[in-house]
Amino acid sequence: MLKCFGKSVLEGIAAGKIHIFRKKGADAEKKEINNPDAEIGRFDEARVRADRQLAALYEKTEKEIGKEEAMIFEVHRMMLADEDYQDTVRRMILREKVNAEYAVLEAGKAYAQEFASMEDDYMKARGADVLDVSRRVAGILSGTGSQESSFDEPVILLAEDLSPSETMQLDKSKIAAFVLRGGSANSHTAILARAMNVPALVQTQTELKDEYEGRNGAVDGFKGMFILEPDEETEKELQDKINAAVLEGERLRQLKGLENVTSDGRKINICANIGSAEDVESVLSSDAEGIGLFRSEFIYLGREDYPSEEEQFEIYRNVLSNMKGKPVIIRTLDIGADKQAGYFKLGEEENPALGYRAIRICLTRTEIFKTQLRAILRAAAYGNAGIMFPMIASLWEIRKAKEITEEVKKELAAEGRAFGQAPLGIMIETPAAAIISDRLAEEVAFFSIGTNDLTQYTLAVDRQNQTLEKFYDAHHEAVLRLIGMTVENAHKAGIWAGICGELAADTSLTKTFVDMGVDELSVSPSMVLKVRKAVREI
Ligand code: PEP
Ligand code: MG
C-alpha cells in the first residue's frame, strides 16, 4: 500500500482500477530493431486498438453532439484502414529496421505533407487528420496515448494535469476519481470534476509510474488522499466513510421539496451550475430551483470546429424543455484563458487571463456571438431562459451586447423564425463591474457574481497558479465588500443579484450572503441540498 496526499476538490470516496492518462505522444525516438516482423505485428495490434477507440469516439460524439460532427472519426478510421498508408509503415519497418512508433509518425508526416500540397482546400485540411491518426497509433505503441475509451469500468484517472478540453473528451461515466499531480482547486478542470460529482485531488504528491496501470486504487476526498493498493484496514476505514456519506446523503435528501428559508423567514433561491446538457439529470435530482449558470463554452471545447447554430439550438432546447419551466441562465461563450479550443486560433498571449477572452471575443468576432445568440433565442421559446454575458468591465460592452442581441432578434423575426424572450444579465467578475454596478444595474435584468474571477482580478492572483493558492483568498475583505456593494446597487435599481462562483457553495459564508441580501446562490448540483441545509439553519 502507498498513500499520497493532495488537495481535495470534491469530498467523497472512490475506488477502482488505476488508469494513467498521458498526453498524446507527438514524437517518438528512432530505435533500431532486429525483428521487423514482430514490429509489424505491434503496429497491426496498435492499429486495431486505435480503430476501436475511434469507433467508440464516433458513437459518443454522435450521441452527445451529432452525426455531422462525429464524421471526423469515421474519416480517421478510413485513413487508418488505407492500404497505402499501412504499406508505407510496414515498408519502413522492414527496410530501415526502425521501431513501429517512429515509422508510423514518419509515415503520418509524409502523408500530411502530401495533403498540404494539394489544391483542394478540403484535402489540404486532411493533413492534420492523418497526423492525428498517426499520433494516436504511436501513442498506443509507446503507452503514452490518451486512451480515452479503452477502459470499460470507472477508473481512478491519474494524470500530470488535464485541460478543460481534455476533461471534456473523457467519458464521464467511466471516471471514478481524478488524481492530478498539477492543477489548482479553482481551475475549470476542478469545476468540471465537481459538476461530474467525482472525487478529485489536485497537486498530489504521486508519481505516474506505468506499473500503476490497472492496479487497485482509492481516493479519499475527505482527507485529500490517494491510495495505491489499499490494505484491508484502509478499505474498512473507507467503507466506514462511504457508509457515513450515504447516511448524510439520506439526511440531505429529506430536505428535498423544502424551501430555502431561514428560521426568521428569509428566502433565497438555490440554483445549480452546469457545463453540459447531461448535467440536467443531476440538477433535477438535486431539487435546485433552476440553473443559475450554464457554462456554454464547454460545448465549444474538445472538438475540431465551431458548433453550428442547429447543434447549439438542440442542446439549449433540450436543457430548457427538460427543466420544465424552471429558469435556465445560459452564459454566452466564455472561451479563452485556460479554456482553449485550437480552432478559435486565439494566438499566444503574455497574460491570457487578462487577454482575449469571453465577451471580448464575442464583441469582436460577432459572427460567432450571433450564431450563439440565435440558437439561445430560438431555444428560449421552449422554456424559461435567461442570457448572461461574462467578463463585463465597461458600460459600452453591455450596451453593445444588447444591441447585437436586438439585431439578432430582428433578423430572426424577418426570417419568420420562432424565438422566445430572455432577460439579459451580466456576470460581475471584474472589480470594474462591481465598482460601477450602480450604472450597470440600469442596463440589465440581473447580476450574477462570479467570485472565481472576481477574486482573481481583485487580488491580482492567477486562479490557475498552484503556487499562489495561499494568496488566492476568496474570503478577503476586498472581495466580500465588492459582493456586498454589488448586491446593494442591484437592489437600489430593482434587480436581483446572485452568486455563481464557487464561493456560493461555501457554507461558512451562507449567513454572510443572506445578511447581505443575496437573492440567489448557484452551486454545483451536488452542493444544492448542503446549502439548503445551511440556509435553514440560520
Ligand atoms: C466565476 O468566475 O466565478 C465564474 C462563475 O465563471 P468561471 O468560473 O467559469 O470563470
Ligand atoms: Mg468567470
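We count ligands from 1, going down the list as the structure has it; atoms in each ligand are counted the same way.
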(message) For atom 6 (O) of ligand 1, what's the nearest protein heavy-atom neighbour? Residue, atom name and distance, please.
(response)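 Going by distance alone, atom 6 (O) of ligand 1 is nearest to R331 NH1, 2.9 Å.
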(message) Just to confirm my output: which protein heavy-atom neighbour is closest to atom 7 (P) of ligand 1, and how far is it?
(response)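 Of the protein heavy atoms, H188 NE2, 3.2 Å lies nearest.
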With no hydrogens and no angle check, do the side chains of [X] and [Y] hold a donor and an acceptor under 3.5 Å apart?
X    : Y    : answer
N273 : S524 : no
S296 : Q372 : yes
Q466 : K7   : no
H491 : D519 : yes

(message) Would you say NZ of K533 has more than 12 non-hydrogen atoms from neighbouring residues, nucleotides or ligands within 6.0 angstrom?
(response) no
Just distances here: any N/O of [X] and N/O of ligand 1 closer than 3.5 Å?
X    : result
R295 : yes
R463 : yes
R357 : no

[X] heavy atoms, cut-off 4.0 Å: which ligand 1 atoms fall inside?
X    : answer
L293 : 5 (C)
D453 : 1 (C), 2 (O), 3 (O), 10 (O)
I191 : 8 (O)
K339 : 9 (O)
G501 : 3 (O), 5 (C)

(request) Kindly say whether G183 contributes a backbone atom to a donor-acceptor pair with the side chain of S187 at under 3.5 angstrom? (result) no
(message) With a 6.0 Å cut-off on the ring centroids, do Y300 and Y306 count as close?
(response) no
(request) Just go through T455, N452, I449 and tell me whose heavy atom is the nearest to atom 3 (O) of ligand 1. (result) N452
(request) Name the option, out of M391, E297, E429, that contains the heavy atom nearest to atom 2 (O) of ligand 1. (result) E429
(request) Could you point out which residue of L320, V283, I274, I329 forms a side-chain contact (heavy atoms from CB on, under 4.5 Å) with F294? (result)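 With F294 as partner, L320, V283, I274, I329 yield a single side-chain contact (heavy atoms from CB on, under 4.5 Å), made by I274.
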(request) Please list, in chain and residue-number order, the protein N/O/S atoms closer than 2.8 Å to the Mg ion (ligand 2). (result)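 Counting only protein N, O or S atoms under 2.8 Å from the Mg ion (ligand 2), the list reads E429 OE1, D453 OD2.
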(request) Check each of R532, K530, K256, R253 against D287 using the salt bridge (Lys or Arg N to Asp or Glu O under 4.0 Å) test, and report the only one that passes. (result)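 The option that passes is R532.
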(request) Measure the distances from the heavy atoms of M427 to every atom of ligand 1 and state whether one is below 4.0 angstrom. (result) yes
(message) Tell me whether E248 is salt-bridged to R251, with the criterion being a basic N under 4.0 Å from an acidic carboxylate O.
(response)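 Looking at R251 together with E248, the answer is yes, because their closest N to O distance falls below 4.0 Å.
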(request) Determine, for F313 and R378, whether the Lys NZ or Arg CZ falls below 6.0 Å from the six-membered ring centre while staying within 45 degrees of the axis. (result) yes
(request) Establish, for the pair K339 and F298, whether the NZ or CZ atom is under 6.0 angstrom from the six-membered ring centre and no further than 45 degrees off its axis. (result)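 Output yes; distance and angle both within limits.
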